[in-house]
Asker: 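I have a structure here, written as structure tokens, and I will follow up with some questions on it.
Below, read A as the first sequence line, B as the second, and so on, with proteins coming before strands; counting in each chain starts at 1.
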Amino acid sequence: MISSLNPEQQAAVTLPPRHALVLAGAGSGKTRVLTTRMAWLIQTGQASPFGLLAVTFTNKSAREMLTRLTALLPINTRGMWVGTFHGLCNRLLRAHHRDAGLIQTFQILDTADQLAAIKRMIKGAGIDDEKFPPRDVQRFINGAKEEGLRPHNVAADDPHRRRLVEIYQMYQDQCEREGVVDFAELLLRAFELLQRNAPVREHYQRRFQHILVDEFQDTNTLQYRWLTLLAGGGASIFAVGDDDQSIYAFRGANVGNMADFERDYAQGNVIRLEQNYRSYGHILDSANALIAHNTARLGKNLWTQQGEGEPVRVTEQASDLLEARWIIDEIKALIDDGRLRREIAILYRSNAQSRIIEHALFSSAIPYKVYGGLRFFERQEVKHALAYLRLMDNPHDDTSWLRVVNFPARGIGARTLEQLADLAREQNTSLFRAVPLMTGKGGTNLARFAELIQQMAHEAQVLTLPELVEHVVHHSGLRAHYQNDREGVDRLENLQELVNAAAAFVAEENFDNLPAGRIADDRDVSVGDGMEESSAMSPLAAFLTHASLEAGDNQAQAGQDAVQLMTVHAAKGLEFDSVFITGVEEGLFPHENSLLEASGVEEERRLMYVAITRARERLYLTLAQSRMLHGQTRYAMRSRFLDEIPEEHLKWLTPREGRAAVRENTWSGAFRRGEAYNRPDGGTVAPRMPRSLTTGVTVGDQHFRIGAGVRHAKFGEGTVIGLSGMGQDAQAQIQFRDVGSKTLALGVAKLDIIAG
DNA sequence: CAGAGGGCGATTTTT
DNA sequence: TCGCCCTCTG
């Protein structure tokens, strides 16, 4: 089992039971080490399968871990605690729902549900949604929860913040009333349960002597505290991660957890996995050289036994359109060489870049697949059907109620619902319970809807889950509604797919012929001292949880050999023979929004590091001198990251401009040499130098240059990051410190130059 | 109650 | 420029 591992991997797998940090570089066999460690612990009798807890961030990697584990050891993994943070916390809360103060059938709000709930609350409480935009409120609440803070823990020094805290509290009360929890709440609740309830805590602390964590660099503050609390009874944490691949700070990940963990728990017990089994030398050395520009790293240098391979190819095209066409031509050549389309990936920093590339691929009839976008359980029609199903389990879930009370239309208007909401608020109860208090025509329709829900709930006691889903799709009127809709074909298909998903779920979970709403008697998987309450759920409840925690694939035309398109973020953890990294330009990669703080550029650099290390054999970096963005043509300099990779690893397919010229603007470089420039439509433009790009632009008595510091009466202070046009038509793109980037007409906007 | 039209924002995203 | 969201109107 371990003899095929390299010495470092072996050392990591067989570490004695104490806290350890494994710094695992890209392509160094991280998952292999993690799963082999689990298998080794079990096989050597140091742990039972139930004494391990392995936690990841995505369902996909949790599944992968289980698959690999069973390949190493023929054991039954059912009942093992291997899953995502959210999945495991959910499990904990179901088993101890009383201690956690939750109803057993609590539903989980996904991000969209949560936003809807916040909007509803803000409206209901008469809060000004201009001053408190629901999105900001959501971010505030989730941010607080991810730091482990309840409303009373949040420091609020100004009136606005104080109000936010009140809103947080109101939202919390609403969730409480409705029996729902959001994603962050799953973690915080589970943490508090362990923290406050000594018997429960001690039970799990005793049970899990080995805690293994994947992608440790992505943990947030709360997850870190949850882990160390759970390990507080003498368990060992085996944390695997790569600080150089930390790219999720924007959603709360705290890279600092790695250094903290080393200092506070794993001192002297750090293993580095630096041998890379994925990429050739030039690619790897490019990545190493780039990431060396970051400060505050834990430090790591990847090496490979494979040869240096091909240099990294770089091309600079005049426009985003030409960049896309160039890529397509190159892909055609790769395919002609006999390469598989699915082994070719096109990566971009932001989704907006995909459109033009897709268009070019489509025109050339090259099959491609875009990752990202709406996933199955997030689709409107699927969410509608799920809302009906949720109401069967818990009719007091107002979010679900409002989602479908009048969908399909059944004559229940906004006025009626406002009245209902008022009544419910007065009585401090759910919309469902307030229905009998309603009078008039609206009341009749509402009563009919409530009747429908109860009728369906009744069916749940008789029908199996797939039968019930089918019943709901039909009797809710959803099917009829979409049949009448000209564009409802896909939606009908998805509803049918939901029935199929329910059938597959029932088979997978061995629910057999159990009625959807019933709980089987024999499903306890509790171990040890009988501390754990039954976490058994009805097929319906289990399916709803599954739908919330696992949003499903976003696009699985599996089997199709297609070129892979995705953001760099989405590419993390994947690898391809050939990789194109596109838009390697200042402002795009690194993204301009990250330029304001040093740590932002470092995160962008890690992102580029992730992108580069996806490639096995061949890597392309492409950039465009001009690009259509937000309806405007923008001119960009080449990315600083290109200059951070030593020449010896690069092969320029288009001439590399002198550094100074490029820094100013690549286009102007061409213009200055008097070269014609090839227009995207195939024509040529006579050389014409846009003055603004080289010497800046003068408007009135002010002279603007790229890099100049300016002050605007309303937007505050900022830096000029782009210029276009001349004279009164000149426009400047300015990155403001507080309000982001804006494009202003220099002839109109009142700006003071304060520097440069 | 649905469809049209104005306004606004526009990195990255899993659960 | 584009797409989403909200509001207004018929």
Asker: Hey, can you pull the residues of residues 181-193 of chain A with a non-hydrogen atom under 4.0 angstrom from DNA chain B?
Answerer: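 Result for residues 181-193 of chain A: A/F183, sorted by number.
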
Asker: What is the separation between atom CD on A/E378 and atom P on B/dT13, rounded to the nearest whole Å?
Answerer: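 It is 12 Å, rounded to the nearest whole Å.
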
Asker: Are there over 12 heavy-atom neighbours, none belonging to A/R150, within less than 6.0 Å of that residue's CZ?
Answerer: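 Enclosed.
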
Asker: Can you see whether A/Y248 has A/R251 sitting over its ring - NZ or CZ less than 6.0 Å from the centre and within 45° of the normal?
Answerer: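 Yes - A/R251 lies over the ring of A/Y248, closer than 6.0 Å to its centre and within 45° of its axis.
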
Asker: Quick one: is A/N59 getting a side-chain N or O under 4.0 Å of the B/dT14 phosphate, OP1 or OP2?
Answerer: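 For B/dT14, OP1/OP2 do not have a side-chain N/O of A/N59 under 4.0 Å.
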
Asker: Could you tell me how far apart A/R251 (CZ) and B/dT15 (P) are, to the nearest whole angstrom?
Answerer: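 That distance rounds to 8 Å.
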
Asker: Could you give all pairs that pass the ring-ring contact (aromatic ring centres under 6.0 Å, His included) test and reach residues 113-134 of chain A, with sequence neighbours left out?
Answerer: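 Applying ring-ring contact (aromatic ring centres under 6.0 Å, His included) to every pair that reaches into residues 113-134 of chain A, excluding sequence neighbours, yields A/F132-A/H160.
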
Asker: What residues, two or more places apart in sequence or in another chain, satisfy salt bridge (charged side-chain N to carboxylate O under 4.0 Å, His left out) together with A/D129?
Answerer: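 In terms of salt bridge (charged side-chain N to carboxylate O under 4.0 Å, His left out), with neighbours along the sequence ignored, A/D129 is linked to no residue.
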
Asker: Take atom CZ of A/F377 and atom C1' of B/dT14, then tell me their distance rounded to the nearest Å.
Answerer: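 Result: 16 Å.
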
Asker: May I have the distance from A/Q632 (atom CD) to C/dT1 (atom C1'), rounded to whole angstrom?
Answerer: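 Distance, rounded to whole Å: 9 Å.
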
Asker: Going by the rule side chain to side chain donor-acceptor pair (under 3.5 Å), which residues pair with A/E64 if we only count those two or more places apart in sequence or in a different chain?
Answerer: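 Side chain to side chain donor-acceptor pair (under 3.5 Å) list for A/E64, sorted by chain: A/R68.
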
Asker: Could you give the CZ-to-C1' distance, from A/R634 to C/dT1, as a whole number of Å?
Answerer: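 In whole Å, C/dT1 C1' and A/R634 CZ are 13 Å from each other.
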
Asker: Who are the salt bridge (charged side-chain N to carboxylate O under 4.0 Å, His left out) partners of A/D244, not counting sequence neighbours?
Answerer: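 Per chain and number, A/D244 pairs via salt bridge (charged side-chain N to carboxylate O under 4.0 Å, His left out) with A/R297, A/K300.
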
Asker: Could you work out, with salt bridge (charged side-chain N to carboxylate O under 4.0 Å, His left out) as the rule, every residue matching A/R390, not counting sequence neighbours?
Answerer: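 A/R390 satisfies salt bridge (charged side-chain N to carboxylate O under 4.0 Å, His left out) with A/D113, A/D397 once adjacent residues are dropped.
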
Asker: Donor-acceptor pairs under 3.5 Å, side chain of residues 119-126 of chain A to any protein atom, not counting sequence neighbours: which ones?
Answerer:
from: A/R120; atom 1: NH1; to: A/E178; atom 2: OE2; distance (Å): 3.0
from: A/R120; atom 1: NH2; to: A/E178; atom 2: OE1; distance (Å): 3.2
from: A/R120; atom 1: NH2; to: A/T399; atom 2: OG1; distance (Å): 2.6

Asker: Quick one: does A/T111 reach the base of B/dT15 with a side-chain donor-acceptor pair under 3.5 Å?
Answerer: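 Yes, the side chain and the base share a sub-3.5 Å donor-acceptor pair.
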
Asker: Quick one: salt bridge (charged side-chain N to carboxylate O under 4.0 Å, His left out) partners of A/E644, sequence neighbours excluded?
Answerer: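 A/R605.
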
Asker: Just checking A/N406: base, sugar-phosphate only, or nothing, at a heavy-atom cut-off of under 4.0 Å?
Answerer: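 Sugar-phosphate, backbone atoms only, no base.
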
Asker: For A/Q107, check side chain to side chain donor-acceptor pair (under 3.5 Å) against everything at least two apart and list the hits.
Answerer: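 Result, side chain to side chain donor-acceptor pair (under 3.5 Å) vs A/Q107: none returned.
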
Asker: What's touching nucleotides 10-12 of chain B from the protein side, N or O pairs under 3.5 Å?
Answerer:
from: B/dA10; atom 1: N3; to: A/H630; atom 2: ND1; distance (Å): 3.3
from: B/dT11; atom 1: OP1; to: A/N593; atom 2: ND2; distance (Å): 3.4
from: B/dT11; atom 1: O4'; to: A/H591; atom 2: NE2; distance (Å): 3.2
from: B/dT11; atom 1: O2; to: A/R349; atom 2: NH1; distance (Å): 3.0
from: B/dT11; atom 1: O2; to: A/R349; atom 2: NH2; distance (Å): 2.1
from: B/dT12; atom 1: OP1; to: A/N351; atom 2: N; distance (Å): 2.6
from: B/dT12; atom 1: OP1; to: A/N351; atom 2: ND2; distance (Å): 2.8
from: B/dT12; atom 1: O4'; to: A/R349; atom 2: NH1; distance (Å): 3.1
from: B/dT12; atom 1: O2; to: A/R349; atom 2: NH2; distance (Å): 3.2

Asker: Taking only nitrogen or oxygen atoms into account, show me every contact under 3.5 Å that the protein makes with nucleotides 2-8 of chain C, one pair per line with its distance.
Answerer:
from: C/dC2; atom 1: O3'; to: A/R355; atom 2: NH2; distance (Å): 3.2
from: C/dG3; atom 1: OP1; to: A/R355; atom 2: NH2; distance (Å): 2.4
from: C/dC6; atom 1: OP1; to: A/K119; atom 2: NZ; distance (Å): 3.0

Asker: Under the side chain to side chain donor-acceptor pair (under 3.5 Å) rule, collect the residues that match up with A/R410, sequence neighbours excluded.
Answerer: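 Partners of A/R410 by the side chain to side chain donor-acceptor pair (under 3.5 Å) criterion, ordered by chain and then number, come out as A/Y388.
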
Asker: Please give, in whole Å, the distance from B/dC1 C1' to A/L417 CG?
Answerer: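 Result: 13 Å.
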
Asker: Just the rounded figure in Å: distance from P of C/dT1 to CG of A/L629.
Answerer: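 Going from CG in A/L629 over to P in C/dT1 covers 13 Å.
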
Asker: A/Y371 OH to B/dT14 P: how many Å, rounded?
Answerer: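 From A/Y371 OH to B/dT14 P: 13 Å.
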
Asker: Given that A/F57 and A/G413 both sit by DNA chain B, which one's nearest nucleotide is further toward the 5' end?
Answerer: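 It is A/G413 whose nearest nucleotide is closer to the 5' end.
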
Asker: With rounding to the closest Å, how many angstrom separate the C1' atoms on C/dG3 and B/dT14?
Answerer: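 Pairwise C1' distance, C/dG3 against B/dT14, rounds to 24 Å.
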
Asker: Strictly below 4.0 Å: does A/R375 bring a side-chain N or O up to OP1 or OP2 of B/dT13?
Answerer: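 Answer is no, no contact under 4.0 Å.
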
Asker: Looking only at atom C1', what distance separates C/dC5 and B/dT12, rounded to whole Å?
Answerer: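 About 22 Å, rounded to a whole number of Å.
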
Asker: Among A/E378, A/H384, A/K383, which one satisfies side chain to side chain contact (heavy atoms under 4.5 Å, CB included) with A/Q380?
Answerer: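 Only one of A/E378, A/H384, A/K383 forms a side chain to side chain contact (heavy atoms under 4.5 Å, CB included) with A/Q380, namely A/H384.
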
